Amino acid sequence: MDWVLSWRVALFSLLEDVPVHLRPLVASISIDGTSATTLIVDRNTGEPLCRPFLYNESCPDALPTVKSVAPANHTVCSGSSTLCKLVSWWNIEESNKKSALLLHQADWLLWLLHGKLGVSDYNNALKVGYDPALDSYPPWLHSQPYSQLLPSVIAPGTSIGNLKEDIRTQFGFQEDCIVCAGTTDSIAAFLAARATQPGKAVTSLGSTLAIKLLSTTRIDDARFGVYSHRLDDKWLVGGASNTGGAVLKQFFTDEQLQILSEQINPMEASPLDYYPLKAVGERFPVADPNLVPRLHPRPESDVEYLHGILESIAHIEAKAYNLLKDLGATQVEEVFTAGGGAKNDKWTKIRERVLGLPVSRAKQTEAAYGAALLALKGAQHDSC
Ligand SMILES: Nc1ncnc2c1ncn2[C@@H]1O[C@H](COP(=O)(O)OP(=O)(O)O)[C@@H](O)[C@H]1O
Ligand SMILES: O=C(CO)[C@H](O)[C@H](O)COP(=O)(O)O
């Protein structure tokens, strides 16, 4: 699969999808991307120097080097961190080191639109080691030879520049349409839910399960895959588990999920105890690259099987929120749900019972809505 080509094609087909009469009304564009999906590109041409490292790939070979330079239990001390991906590339690369630049998926796609190479945002840059409290890369990272590859970092939603002229004229966007710094997919889902009070949380039930709790305290602990993204003057504390919809997809189509879920009694606890994963390895609330999926025994009834999987994912979610509490985050009061799993009302009821908290579907469940809110922020700031 040529990922980079498919992302580029998807971006331009989305621009094509914007109705022609609406294009002149678009004031601003932003993009969210999967966190820690990493590209090493040529700093002059922007063309990738190797295949991208995907968000869920692990580079355990780089972990000892990263651990030897970063503070103990720092967010980068995980095989899937962006920094481990960079170090892994650095250690095997011979010829392109001088001309290389690191970008995240959203940075690179935004570059296609604004044309200024080397810009990221402080959400995407967190897992390469950027410190959003200091608003800079920390000294221990600056002193590494590979730090020359790091992009400059601005706040999500900041205007980077105007939409490139050739794209603007090709598609009929307005002359002063701006392109703004983006964010990660699960932060965009949080923004879409418009939760603004500490104690409000969003669980994204997409291919994976990502948790974000708005907290006044910052918590980072790689031993459990817990980290904090900056959200203006507060913190989005949480992590991302490898469980989620991708496991469901292995067994059931979306249509089956809907039909089977209707037959589940969510008030009754399932006796089945699984750890649903697509492959070996978990990030949060247990950080264990060797954790083996547990999806047996499989009962004859598909309804019972699905009930067991949904309930087991809810237990992972509950463990995650309890862990955040134990580590000192603001107490969670209410959970909104985003992503494909948000449409499953039976699952919402199961989760409400298991979490012991009010759980509801966010009004806007698509991360893209959150990216649009960031673009709006940039446009409003630009017009002041
Ligand atoms: N009714 C449903 N109940 C639970 N999960 C569902 C349902 N319908 C779809 N899904 C899951 O939602 C996931 C897709 O959600 P989405 O937010 O689009 O994911 P992604 O993280 O890939 O963007 C699929 O993995 C699918 O299994
Ligand atoms: O698992 C993922 C892929 O969908 C999430 O992108 C991700 O790992 C969450 O990261 P972040 O908290 O940095 O947004």
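Please read all numbers here as calculations on a predicted model, not as lab measurements. For ligands, and for the atoms within them, numbers begin at 1 and follow the listed sequence.
The pair Arg294-Glu282 does not count as a salt bridge, with every side-chain nitrogen at least 4.0 angstrom from each carboxylate oxygen. Classification of Asp232 and Lys377 as a salt-bridged pair holds, one side-chain N sitting under 4.0 Å from a carboxylate O.
At a heavy-atom cutoff of 4.0 Å, ligand 1 is contacted by the side chain of Trp347 but not by its backbone. With a 4.0 Å heavy-atom cut-off, ligand 1 is reached by no atom of Ala338. Residue contacts with ligand 2, taken as heavy atom pairs separated by less than 4.0 Å, involve Ser35 via backbone and side-chain atoms alike.
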Show, in sequence, the C-alpha distance, side-chain angles and deciding distance for Trp347 and Leu205, and conclude whether the side-chain contact (heavy atoms from CB on, under 4.5 Å) test is met. CA-CA 11 Å; Trp347 200 4; Leu205 290 172; 3.8 Å; yes
Criterion salt bridge (Lys or Arg N to Asp or Glu O under 4.0 Å) on Asp2 and Arg8, from CA distance to verdict: CA-CA 10 Å; Asp2 186 339; Arg8 191 197 295 248; over 6 Å; no
Decide side-chain contact (heavy atoms from CB on, under 4.5 Å) for Ile154 and Val119; before the verdict, give the C-alpha distance in whole Å, the side-chain angles of both, and the deciding distance to 0.1 Å. CA-CA 8 Å; Ile154 55 178; Val119 187; 3.8 Å; yes
Could you walk me through whether Asp345 and Arg361 pass salt bridge (Lys or Arg N to Asp or Glu O under 4.0 Å), step by step? CA-CA 8 Å; Asp345 295 334; Arg361 181 180 173 173; 5.5 Å; no
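The shortest N/O to N/O separation between Gln258 and ligand 1 does not fall below 3.5 Å. Checked against a 3.5 angstrom limit, the closest N/O atoms of Tyr55 and ligand 2 fall outside it. In terms of polar-atom proximity, defined here as any N/O pair under 3.5 Å, Gly245 does make such a contact with ligand 1. Between Ser261 and ligand 1, no pair of N/O atoms sits closer than 3.5 Å. Of the N or O atoms in Thr34, none lie within a sub-3.5 Å distance of an N or O in ligand 2. The shortest N/O to N/O separation between Gly340 and ligand 1 falls below 3.5 Å.
The aromatic rings of His229 and Tyr227 stand perpendicular to each other, their planes meeting at an angle above 60°, with 30° marking the opposite boundary.
The shortest contact between atom 2 (C) of ligand 2 and any protein heavy atom is with Thr208 OG1, 3.5 Å. Summary of contacts: the protein heavy atom closest to atom 3 (N) of ligand 1 is Asn344 ND2, 3.0 Å. Nearest protein heavy-atom neighbour of atom 8 (O) of ligand 2: Arg283 NH1, 3.0 Å. Remark: minimum distance from atom 6 (O) of ligand 2 to any protein heavy atom is reached at Asp185 OD1, 2.6 Å.
Counting the atoms of ligand 1 from 1 in the order shown, those under 4.0 Å from a heavy atom of Asp254 are 8 (N), 9 (C), 26 (C). For ligand 1, the atoms lying closer than 4.0 Å to a non-hydrogen atom of Ala246 are 25 (O). Atoms of ligand 2 found under 4.0 Å from any heavy atom of Tyr227, numbered from 1 in the order shown, are 9 (C), 10 (O), 11 (P), 12 (O), 13 (O). Residue Ser186 has at least one heavy-atom neighbour below 4.0 Å for each of these atoms of ligand 2: 9 (C), 10 (O), 11 (P), 12 (O), 14 (O). Near Ala240, meaning under 4.0 Å from one of its heavy atoms, ligand 2 places the atoms 1 (O), 7 (C), 8 (O), 9 (C). Atoms of ligand 1 found under 4.0 Å from any heavy atom of Ser207 (numbered from 1 in listed order, with element): 19 (O), 20 (P), 21 (O), 22 (O). Remark: ligand 1 atoms within the under-4.0 Å shell around heavy atoms of Gly339 are 17 (O). Those atoms of ligand 1 that come under 4.0 Å of a heavy atom in Lys343, given as number and element, are 8 (N), 9 (C). Every atom of ligand 1 with a heavy atom of Gly206 under 4.0 Å away is listed here by number and element: 15 (O), 16 (P), 17 (O), 19 (O), 21 (O).
Taking a distance limit of 4.0 Å, we find that atom 23 (O) of ligand 1 is approached by no protein heavy atom.
A donor and an acceptor atom, one from each side chain of Ser88 and Asp61, are located under 3.5 Å apart. Judged purely by distance below 3.5 Å, without hydrogens or angles, the side chains of Ser186 and Lys212 pair a donor atom with an acceptor atom. At a cut-off of 3.5 Å, with distance as the only test, no side-chain donor of His307 or Ser270 sits close to an acceptor on the other residue. Residues Ser78 and Ser80 bring a donor and an acceptor atom of their side chains to less than 3.5 Å of each other.
Of the options Leu306, Leu257, Leu205, the smallest heavy-atom separation from atom 2 (C) of ligand 1 is shown by Leu257.
Few gaps surround CD on Glu47; more than 12 heavy atoms of other groups in view lie less than 6.0 Å from it. Around atom CH2 of Trp3, no more than 12 heavy atoms belonging to other residues, nucleotides or ligands sit under 6.0 Å away.
With a 4.5 Å cut-off on side-chain heavy atoms, Thr38 and Leu86 do not count as touching.
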